[in-house]
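When a ligand or atom number is given, it counts from 1 through the structure's own listing order.
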Amino acid sequence: MAAPDRSGPAAQAANKVFTRVDVDGHALPPSPAPSSPLSGRRRYALATELVYTESKDQYGSSSIPIYQSATFKQASSNGGNEYDYTRSGNPTRTHLERHLAKIMNATRALAVGSGMGALDVITRLLKPGDEVITGDDLYGGTNRLLTYLQNNQGVVVHHVDTTNPEQVRKLITSKTAMVLLETPTNPLIKIVDIPSIARTTHEVNSKALVIVDNTMLSPMLSNPLDLGADIVYESGTKYLSGHHDIMAGVIACNDPELGNRMYFTVNATGCGLSPNDSFLLMRGVKTLAIRMEKQQANAQQIAEFLESHGFRVRYPGLKSHPQYDLHWSMARGAGAVLSFETGDVGISERIVEAARLWGISVSFGCVNSLISMPCRMSHASIDAKTRQERQMPEDIIRLCVGIEDASDLIDDLSRALVQAGAVTLTLDGFHTNDVDTDAVTPSV
Ligand SMILES: Cc1ncc(COP(=O)(O)O)c(C=O)c1O
Ligand SMILES: N[C@@H](CCSC[C@H](N)C(=O)O)C(=O)O
């Protein structure tokens, strides 16, 4: 049998890497509504850029049409049109990706089916024998994927306290392929010094990639690429979309070669975001600024309320946060996720179950307020022994604050605290019962 022709149009289409570069250097195929390139025009404030797109649609549609088509007809038997198959590229997804690249201060963005899908694309850059340095307080799903890579793909994963850059530095060698950071961490809300770790990592090993999971802050509050990261990714299921009605993940970088390697995986594995979800994510992004402003204003009031009643609250908007200054040196806001401890797992359970406005749910970044016990829910995939080693308090309650009226949220929480027996009522109001928060560790 003759050897397959690897230079013909079909092979070229199969290996297509979009090398066309627009005025901003985005290596992406064109789109009927190509978002709003930055070159040669004034750069507006982020709240404006979030909503500003230029429509080049033939009918002048103000919102990107949903190109609900798996295939695109070609002009000739040679193929070669910009789009041929939605797994490889779709105009609605491209429009979203260009918009995301703009707001994430990147030249390339990719939109995929979930935040974990984004991490999967990134970790496919790893080879057996490569080492990853990451935190000891990580989202449970991230921990699960890294553990899988360690157990099945020959990747070595080091978990350290990334709030201490010295601990990270000690582990960087020529084998280090990635340093993966989350800040604030989920759920302990610890802050990681991205610029310092990125600088040290690149000094010791210029090939190592610094990856930041920016899900907790979103591009509204932080741009890790400007702080020295090589790749930033987010769960678009959270703040970017904002309504808990889609799953999505986004990846952004400034190195065209890295972008092309990750695009290869998106095309090869078929994890690109669907046209319909691309439309919904694009719509959600436009309201990110007003949602985040309201959510974090509410979160600040709730954090202050809990702290003033004697709870140990973890929130970078509180001056009592041990890394308050570090957080504000990197971010434009404190976000809307906070956690607090009660000192008693039973009390925490009762608080969560007594809340009415606060939905018992995993996830965050939604317009509705949510309450959860991470050790039982979002982080249950981390076994009890590991949770204990990483000092995750079993009683910790996570609050993900929405856009409701802040007084209603505080009233509902107050009622839940009283009903759960977490506070003692006095003539002056109420206060926590004396509890030893250090004593609550997992039973293994
Ligand atoms: C910090 C963080 N990163 C990544 C993810 C994964 O995102 P997704 O659920 O969209 O896969 C989540 C939550 O799921 C998360 O909390
Ligand atoms: N059952 C899910 C739990 C998802 S947690 C979602 C979110 N990141 C959060 O922190 O709440 C799973 O096993 O992944």
Side-chain heavy-atom pair T163, L326 within 4.5 angstrom cut-off
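Counting from C-beta outward, T163 and L326 never come under 4.5 Å.
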
Using a strict threshold of under 4.0 Å (side-chain N to carboxylate O), is an ion pair present between D395 and R312?
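Result for this pair is no, no salt bridge flagged.
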
Inspect the contact between E166 and K170 and indicate whether a charged nitrogen and a carboxylate oxygen are less than 4.0 angstrom apart.
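Result for this pair is no, no salt bridge flagged.
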
N143 and H379 side chains, donor-acceptor separation under 3.5 Å
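There is no such pair between these side chains.
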
Minimum-distance protein heavy atom relative to atom 11 (O) of ligand 1:
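Nearest protein contact, heavy atoms only, for atom 11 (O) of ligand 1 is M116 N, 2.9 Å.
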
Protein contact to atom 5 (S) of ligand 2 [nearest heavy atom, distance to 0.1 Å]:
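Answer, as residue, atom name and distance: Y139 OH, 3.4 Å.
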
Does any N or O atom in E182 lie less than 3.5 angstrom from one in ligand 1, N or O only?
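So ligand 1 has no N or O lying under 3.5 Å from an N or O of E182.
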
Member of L413, N298, V352 meeting the side-chain contact (heavy atoms from CB on, under 4.5 Å) criterion with L399
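It is L413; the other options fail the test.
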
Without swapping roles, check the side chain of R350 against the backbone of G421 for a donor-acceptor pair under 3.5 Å.
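The answer is no, because no donor-acceptor pair under 3.5 Å joins these two groups.
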
Per-residue contact class, [X] against ligand 1 - non-hydrogen pairs under 4.0 Å:
X: E234; result: neither
X: A248; result: backbone
X: K238; result: side chain

Would you find more than 12 non-hydrogen atoms of other residues, nucleotides or ligands less than 6.0 Å from Y85 atom OH?
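At most 12 heavy atoms, drawn from other residues, nucleotides or ligands, come within 6.0 Å of this atom.
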
Protein heavy atoms: any of them under 4.0 Å from atom 2 (C) of ligand 2?
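Within 4.0 Å: no protein heavy atom nearby.
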
Could you establish whether F364 and ligand 1 come within less than 4.0 Å of each other, counting only heavy atoms on the residue side?
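Checking ligand 1 against F364, which is what was asked, there is a heavy-atom contact under 4.0 Å.
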
Best match, R398, R144, M116, K238: closest heavy atom to atom 12 (C) of ligand 2:
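Of the listed residues, R144 has the closest heavy atom.
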
Heavy-atom nearest neighbour of atom 11 (O) of ligand 2 within options G365, S381, S363:
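Looking at heavy atoms only, the winner is S363.
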
Using a 4.0 Å heavy-atom threshold (strictly under), name the region of N186 that reaches ligand 2: side chain, backbone, both or neither.
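Just the side chain.
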
